**Q** 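The structure that follows is given in the form of structure tokens.
Here the structure is a predicted model, which means the values were calculated and not measured. Nothing fancy with the numbering, it's 1 onward along the sequence.
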Amino acid sequence: MATARGLRHLLTCSRWRRGRGEAPQSRALAAVVPGVSQVDNNSDFLGKRPHRRHPGILHLPCVEVPPALAAAAQFLLLGDSMSNVEKQVQALTNYLWSRRLPVEPEELQRRAVHLEEKFLENPDLFQVEEKLREAVLQALRKTTYHWQELSYSESLSLVYMAARLDGGFAAVSRAFHEIRARVPEFQPQTLMDFGSGTGSVTWAAHSAWGQSLREYMCVDSSAAMLVLAEKLLKGGSESGEPYVPGVFFRQFLPVSPKVQFDVVVSAFSLSELPSKADRTELVQTLWRKTSHFLILVENGTKAGHCLLMDARDLVLKGKEKSPSDPRPGFVFAPCPHELPCPQLTASKPLACSFSQAYHCIPFSWNKKKQKEEKFSMVILARGSPEEANRWPRITQPVLKRPRHVHCHLCCPDGHMQHAVITARQHGRDLYRCARVSSWGDLLPVITPSESELPLSPPEDPLGVDKEA
């Protein structure tokens, strides 16, 4: 815990970095050694801002899709003759959340060899080779997850829109907000969305950077999805002026290696690829297309988190350099380090996920006005890690108790820490900053390179892992 003896963490009065290349302006605020140091209340840590607006606050209030998008989605569903839309929406939602990764051929071969050796322990039952092969295949069918590629027809695209449009918009909006809050001077002009689907990324980007974005490239292999996304931009019709100008649709990625975009996004698309080789090739291609930020978003499950960590490691360890952009990459968010994810290396691996509240599109079956979208994300940027702020990330809901606060932190040294913060032992400012912080925020405290806090195993923030 944070009250362990010998703790010598230093809380700093770092003003939020307004430029990516500026040196941080900081002064010592408090040494969090229990009973030894007192808070310097005369320091300029917050300036004239209240604690609830401390520099690490990054969470968004409840997100709402633009009224034009909600109206177009409702219009398209009303004009369609599908029956039992509510049941189809629920079935697709359950399927997407319970989906696992496809089994790689090497893993399938390993399982087959193991089963064959196990069956051969009783040779009397399998004297004929054909019976042995049939028994192995039958056992594999029962124990192997049968991954299937989704083929989005016109009707399935509408169901996907009804199920995922508002939740996907909320998750991507939270990722964009991370960049806007920490690098407010960044004004992108071009954006590419791979696996664009219904176009929620375009709408979210327009809400975030509508004044500067001039080109949106939407790439999706499904022609039906591209048609639906274009209709949503035009208010539900095939004609008329699009709500967001400068949007282009295509089924394939741009071929030229010299074409780069300020922001490249892939939301809920890596899980649609059939193999690790395909995902590796895609991530490498997307990184070559990235000029500033690459944003990857998946469902907040173990499978989704593993996909993102594989992509993160691929970019960080990749030796391939783009001839037009040799700048290396670093993790902008959510990790405050480039080390292995402590959530996956724990004895009981958990997904590093976040939650974003959003207002539901008022479809007839939506009884709740608000919902929570649980998602995992990773934002990779070109440059050096020194350009990013390295404050600990709060990875679970903050537990507020009388006169103390529980914070689960992912720290820059690559470890998880469970800190119990009190005003008496850690100072009023740190205590109040921790108390007003939320899941996904940064806690403005600098930790030493070799932490003296005892490591604690991570816990599932919602108590239940939704992955089947």
Side-chain angles (χ1 to χ4, degrees), residues 58 96 99 101 164 167-180 182-183 188 191-197 199-202 204-205 208 216-221 253 260-318 320 328-338 340-341 343-344 351-356 373-383 388 393 395 410 440:
L58 293 171
L96 293 175
R99 209 175 189 195
L101 299 181
R164 297 292 303 135
F169 177 88
V172 177
S173 296
R174 171 62 182 84
F176 289 159
H177 177 71
E178 179 92 18
I179 300 175
R180 291 185 65 204
R182 293 173 57 184
V183 195
L191 176 141
M192 184 180 76
D193 177 18
F194 177 82
S196 55
S200 57
V201 170
T202 295
Y216 306 79
M217 179 67 70
C218 297
V219 182
D220 199 294
S221 59
L253 285 167
Q260 282 190 319
F261 299 85
D262 294 333
V263 179
V264 176
V265 185
S266 174
F268 311 103
S269 299
L270 291 178
S271 55
E272 298 289 338
L273 299 178
S275 68
K276 186 176 182 179
D278 292 327
R279 293 191 294 271
T280 298
E281 182 181 359
L282 173 65
V283 171
Q284 290 175 340
T285 302
L286 294 181
W287 181 241
R288 286 196 296 268
K289 301 291 182 188
T290 301
S291 175
H292 290 89
F293 290 100
L294 171 60
I295 303 172
L296 305 176
V297 182
E298 291 292 335
N299 287 335
T301 60
K302 291 180 186 177
H305 179 51
C306 288
L307 285 177
L308 296 182
M309 291 302 98
D310 289 343
R312 167 188 181 269
D313 294 341
L314 184 66
V315 172
L316 294 179
K317 299 177 182 178
E320 179 182 1
F330 68 94
V331 181
F332 182 81
C335 319
H337 56 80
E338 275 75 40
C341 176
Q343 297 275 55
L344 293 182
C352 179
S353 59
F354 303 95
S355 182
Q356 176 61 50
E373 175 72 9
K374 187 182 177 185
F375 65 97
S376 295
M377 69 172 180
V378 62
I379 303 177
L380 300 163
R382 287 198 180 272
R393 177 82 58 172
T395 60
C410 180

**Q** Check whether any side-chain heavy atom of Leu58 lies under 4.5 Å from a side-chain heavy atom of Arg174, and answer yes or no.
**A** yes
**Q** Within this structure, what is the CG-CG distance for the pair Leu296 and Leu380, rounded to the nearest 0.5 Å?
**A**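 Result: 6.0 Å between the selected atoms.
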**Q** Do Pro336 and Cys410 come close enough that some side-chain heavy atom pair is under 4.5 Å?
**A** yes
**Q** For Gln284 and Leu314, what are the C-alpha separation, side-chain angles and deciding distance, and is it a side-chain contact (heavy atoms from CB on, under 4.5 Å)?
**A** CA-CA 8 Å; Gln284 290 175 340; Leu314 184 66; 4.0 Å; yes
**Q** Please find the pair of heavy atoms, one from Gly300 and one from Ser353, that lie closest to each other, and give the distance.
**A**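 That closest heavy-atom pairing would be CA-CB, 3.9 Å.
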**Q** In Å, rounded to the nearest 0.5 Å, how long is the span from OG of Ser291 to CG of Leu191?
**A** 12.0 Å
**Q** Quick one: does Leu253's side chain get under 4.5 Å of Leu282's, heavy atoms only?
**A**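 With C-beta onward as the side chain, the pair touches.
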**Q** Apply side-chain contact (heavy atoms from CB on, under 4.5 Å) to Asp193 and Val219, showing your working.
**A** CA-CA 6 Å; Asp193 177 18; Val219 182; over 6 Å; no
**Q** Would you call Arg393 and Glu178 a salt bridge, using N to O less than 4.0 angstrom?
**A**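 Salt bridge: yes.
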**Q** Hey, what's the ring geometry for Phe354 with Phe375, parallel, tilted or perpendicular (30° and 60° as the breaks)?
**A**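 Correct class here is tilted.
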**Q** Is there a side-chain contact between Asp262 and Phe293 (heavy atoms, below 4.5 Å)?
**A** no
**Q** Can you list the steps and then say if Phe332 with Arg182 is a side-chain contact (heavy atoms from CB on, under 4.5 Å)?
**A** CA-CA 10 Å; Phe332 182 81; Arg182 293 173 57 184; 3.7 Å; yes
**Q** Only one of Leu286, Val201, Val263 passes side chain to side chain contact (heavy atoms under 4.5 Å, CB included) with Met192; say which it is.
**A** Leu286
**Q** Spell out, as yes or no, whether a donor-acceptor pair under 3.5 Å connects the side chain of Ser376 to the backbone of Cys352.
**A** yes
**Q** Rounded to the nearest 0.5 Å, what separation is found between the OG atom of Ser266 and the CG atom of Leu273?
**A** 7.5 Å
**Q** What I'd like to find out is whether the side chain of Lys317 reaches to under 4.5 Å of the side chain of Glu338, using heavy atoms alone.
**A** no
**Q** Are side-chain heavy atoms of Arg382 and Gln260 found at a separation under 4.5 Å?
**A**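 When only atoms from C-beta onward are counted, Gln260 and Arg382 do touch, with a gap below 4.5 Å.
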**Q** Between Ser271 (side chain only) and Ser269 (backbone N and O only), is there a donor and an acceptor less than 3.5 Å apart?
**A**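 Side chain of Ser271 to backbone of Ser269, a donor-acceptor pair under 3.5 Å: no, none is there.
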**Q** Has Glu298 got a side-chain atom pairing as donor or acceptor with His305's backbone, closer than 3.5 angstrom?
**A** no
**Q** For the residue pair Ile179 and Ile379, establish whether any side-chain heavy-atom pair is separated by less than 4.5 Å.
**A**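 Yes, close enough: below the 4.5 Å cut-off.
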**Q** What residue among Thr202, Asp220, Val265 forms side chain to side chain contact (heavy atoms under 4.5 Å, CB included) with Ser196?
**A**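 When Thr202, Asp220, Val265 are each tested with Ser196, the side chain to side chain contact (heavy atoms under 4.5 Å, CB included) holds only for Asp220.
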**Q** Would you say the side chain of Leu270 lies within less than 4.5 Å of the side chain of Val283, judging by non-hydrogen atoms?
**A**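 Yes, side chains in contact.
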**Q** Walk me through it: do Leu96 and Phe268 pass the test side-chain contact (heavy atoms from CB on, under 4.5 Å)?
**A** CA-CA 10 Å; Leu96 293 175; Phe268 311 103; over 6 Å; no
**Q** Taking all heavy atoms of Leu316 and all of Phe330, pick out the closest pair and write down the distance.
**A** CD2-CA, 3.9 Å
**Q** Can you give me the closest heavy-atom contact between Met309 and Cys341, atom names plus distance?
**A**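 Answer, listing the atom of Met309 first, then Cys341: SD-CB, 3.8 Å.
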**Q** What distance separates Gln343 CD from Cys335 SG, expressed to the nearest 0.5 Å?
**A** 10.0 Å
**Q** Might you point out which heavy atoms bring Ala205 and Tyr216 nearest each other, and give the distance in Å?
**A** CB-CE2, 4.1 Å
**Q** Give the minimum heavy-atom separation between Phe176 and Ala208, together with the two atoms involved.
**A**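 Closest pair (atom of Phe176, atom of Ala208, distance): CB-CB, 4.2 Å.
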